[in-house]
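See below for the structure under consideration.
Quick note on labels: first sequence line is chain A, next is B, and so on, each numbered from 1. Source: prediction; values computed, not measured.
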Protein chains: 2
Amino acid sequence: MTHFGKHIRSRREDLRKHDRRFSLRQVAQRIEVEPAYLSKIERGDVAPPSEATTLKLARDLGEDQDVLLALAGKVSSDLQEIIRKRPKLFADLIRKMKEAPDHAILRIVREVRDGEW
Amino acid sequence: MTHFGKHIRSRREDLRKHDRRFSLRQVAQRIEVEPAYLSKIERGDVAPPSEATTLKLARDLGEDQDVLLALAGKVSSDLQEIIRKRPKLFADLIRKMKEAPDHAILRIVREVRDGEW
DNA sequence: TGTCATGTATTATATATAGTACACATTAAG
DNA sequence: CTTAATGTGTACTATATATAATACATGACA
């Protein structure tokens with residue numbers, strides 16, 4: 001699919017330069033999958049793993065969870081739940097935001113954080 | 001799962017009061033599934049159908065697509081795609097909006113529509 | 001009263017998802 | 001030099017997803 005595999009492989013290899021515990025086998029063990037499976041994931045031989053496994057991987061490699069999920073072609077289930085609770089409102093909001101530049105979205109996030117409602 | 005089945009059954013039966021074309025069989029034919037399958041969906045005997053089938057159903061029954069997808073436990077793939085393109089930004093936005101009251105979100109949608117950036 | 005339409009029960013199935021298990025060749029380390 | 005660790009090939013599997021096909025009992029209707 002995407003370059004999910006390439007991404008985590010290069011990230012893992014970067015980390016390994018300074019820390020031997022980032023061998024494929026040791027990462028696999030920590031995130032509780034078989035080494036052969038992680039190998040296939042990194043080479044793009046299989047589709048990206050489940051949300052749960054992707055999250056463990058993000059934690060282990062120190063990556064942003066939402067970004068890694070996105071690379072895996074997924075959207076975090078907690079976000080989905082928020083949307084599903086008020087589908088019209090959020091669908092509308094998100095579609096409107098589609099074309100908005102980053103800074104506009106950031107401004108809104110800041111406004112909301114500062115409790116401006 | 002949820003009351004997806006109940007919901008569409010009652011909606012369909014309401015429509016049928018004024019239009020005989022809303023029998024289970026005829027709806028099934030229009031949305032291109034087997035009557036037996038639609039029957040099972042309505043009775044909650046199986047999980048809600050795929051996104052594609054749910055959308056056809058929404059169109060046929062004149063329901064809001066995002067709302068019906070939400071009842072099916074899903075989030076529209078076009079929304080997911082928007083989020084995946086800027087995962088950090090949107091994850092942040094949506095989580096911040098989680099607690100916001102409807103009117104606050106509506107206000108933002110309006111502001112964005114009016115091009116306030 | 002027979003036929004037509006309705007909803008449903010049962011059985012089957014193709015494809016996708018998410019991995020495991022094990023063996024093997026190569027490389028690195030003591 | 002040999003032991004231990006590394007990455008990978010191959011084969012297999014369990015569960016879920018999303019439906020199809022057929023047959024059947026009941027009720028409407030003409």
Side-chain angles (χ1 to χ4, degrees), chain A residues 1-2 4-58 60-61 68-77 80, chain B residues 1-2 4-61 68-69 71-77 80:
Chain A
M1 275 204 176
T2 33
F4 179 85
K6 284 190 165 139
H7 177 84
I8 68 163
R9 166 147 298 186
S10 93
R11 172 71 178 159
R12 184 177 61 74
E13 287 179 342
D14 280 359
L15 290 168
R16 197 173 71 179
K17 282 171 192 158
H18 304 290
D19 191 336
R20 290 207 300 318
R21 293 174 316 164
F22 287 94
S23 74
L24 184 149
R25 282 181 117 96
Q26 291 195 47
V27 170
Q29 178 167 308
R30 285 195 299 272
I31 69 170
E32 294 170 296
V33 299
E34 288 295 311
Y37 183 45
L38 181 53
S39 170
K40 282 188 270 193
I41 291 169
E42 289 196 350
R43 285 172 298 122
D45 199 359
V46 297
S50 66
E51 175 168 350
T53 298
T54 301
L55 292 181
K56 288 192 208 171
L57 204 42
D60 201 85
L61 302 181
L68 204 59
L69 281 175
L71 276 174
K74 302 177 201 290
V75 168
S76 173
S77 54
Q80 298 203 33
Chain B
M1 275 204 182
T2 31
F4 179 85
K6 285 190 163 136
H7 177 85
I8 68 162
R9 167 148 297 186
S10 93
R11 172 71 178 159
R12 185 176 61 75
E13 286 178 342
D14 281 359
L15 290 168
R16 197 172 72 179
K17 281 171 194 159
H18 304 291
D19 190 337
R20 291 209 300 316
R21 294 174 316 162
F22 286 94
S23 74
L24 184 149
R25 281 179 119 96
Q26 291 195 47
V27 170
Q29 178 166 305
R30 286 195 298 274
I31 68 170
E32 294 169 296
V33 299
E34 289 295 313
Y37 182 44
L38 182 53
S39 170
K40 281 189 268 194
I41 290 168
E42 289 195 350
R43 285 172 298 121
D45 199 359
V46 297
S50 67
E51 174 168 351
T53 299
T54 302
L55 292 180
K56 288 191 207 172
L57 204 43
R59 273 176 235 126
D60 201 83
L61 302 181
L68 203 60
L69 281 175
L71 275 175
K74 301 176 201 292
V75 169
S76 172
S77 55
Q80 298 203 31

| Looking for any heavy atom pair under 4.0 Å, which part of the strands does B/Ser39 touch: base, sugar-phosphate only, or nothing? | base

| field | Residue pair A/Phe4 / A/Pro49: nearest heavy atoms and the distance that separates them | value | CE2-CD, 3.6 Å

| Nucleotides bounding contact with chain B, strand DNA chain C, heavy-atom threshold 4.0 Å | C/dT6 to C/dT11

| Terminal axes of the helix from C/dT1-D/dA30 to C/dG30-D/dC1 (five pairs each): angle between them, nearest 10 degrees | 10°

| Hey, does the side chain of B/Glu51 reach the backbone of B/Ser77 with a donor-acceptor pair shorter than 3.5 angstrom? | yes

| task | Could you state the atom-to-atom distance from CD of A/Gln29 to P of D/dG7 in whole Å? | result | 13 Å

| request: Please work out which residues in residues 11-20 of chain A have a non-hydrogen atom less than 4.0 Å from an atom of DNA chain D and list them by number. | output: A/Arg12, A/Arg16

| task | Would you mind classifying the nucleic acid contact of B/Glu42 as base, sugar-phosphate or nothing, using non-hydrogen atoms under 4.0 angstrom? | result | nothing

| field | Considering all heavy atoms, the nearest A/Ile41-A/Ala47 contact | value | CG1-O, 4.4 Å

| message | Using modelled atom types and a 3.5 Å cut-off, is there a donor and acceptor pairing between side-chain atoms of A/Arg30 and backbone atoms of A/Arg21? | response | yes

| message | Run A/Arg12 and A/Glu42 through salt bridge (Lys or Arg N to Asp or Glu O under 4.0 Å) and show every step you take. | response | CA-CA 10 Å; A/Arg12 184 177 61 74; A/Glu42 289 196 350; 2.7 Å; yes

| A/Arg9 and A/Arg43: which non-hydrogen atoms are nearest, and at how many Å? | NH1-CG, 4.1 Å

| task | Name all residues meeting the side-chain contact (heavy atoms from CB on, under 4.5 Å) criterion together with B/Ala28; count only those two or more places apart in sequence or in a different chain, and write none if there are none. | result | B/Val33, B/Pro35, B/Leu38

Report, one pair per line, the protein and nucleotides 18-21 of chain D atoms (nitrogen or oxygen only) whose separation is under 3.5 Å.
unit_1, atom_1, unit_2, atom_2, d
D/dT19, OP1, B/Thr53, OG1, 3.2
D/dT19, OP2, B/Ser50, N, 3.0
D/dT19, OP2, B/Ser50, OG, 2.9
D/dT19, OP2, B/Thr53, OG1, 3.3
D/dA20, OP2, B/Glu34, N, 3.0
D/dA20, N6, B/Lys40, NZ, 3.2
D/dA21, OP2, B/Glu34, OE2, 3.4

| said: If the condition is side-chain hydrogen bond (donor to acceptor under 3.5 Å, both in side chains), which residues does A/Ser23 pass it with, not counting sequence neighbours? | reply: none

| Which pair of heavy atoms, one from A/Leu24 and one from A/Ser39, lies closest together, and at what distance? | CD1-CA, 3.6 Å

| What residue pairs, at least two apart or across chains, pass salt bridge (charged side-chain N to carboxylate O under 4.0 Å, His left out) with a residue in residues 31-41 of chain B? | B/Glu32-B/Lys56

| Listed partners of A/Arg16 passing side-chain hydrogen bond (donor to acceptor under 3.5 Å, both in side chains), at least two apart | none

| Under 3.5 Å donor-acceptor, A/Gln80 side chain and A/Val75 backbone | yes

| said: The criterion is side-chain hydrogen bond (donor to acceptor under 3.5 Å, both in side chains); which residues satisfy it with B/Arg25, sequence neighbours excluded? | reply: none

| said: Within the 4.0 Å limit for protein heavy atoms, which parts of nucleotides 24-30 of chain D are touched? Write it as a string from 5' to 3', B for base, S for sugar-phosphate only, - for none. | reply: -------

| Contacts of B/Arg59 that satisfy side-chain hydrogen bond (donor to acceptor under 3.5 Å, both in side chains) - sequence neighbours left out | none

| Of all residues at least two apart in sequence or in a different chain, which pass the side-chain contact (heavy atoms from CB on, under 4.5 Å) check with B/Arg11? | B/Leu15, B/Leu61, B/Glu63

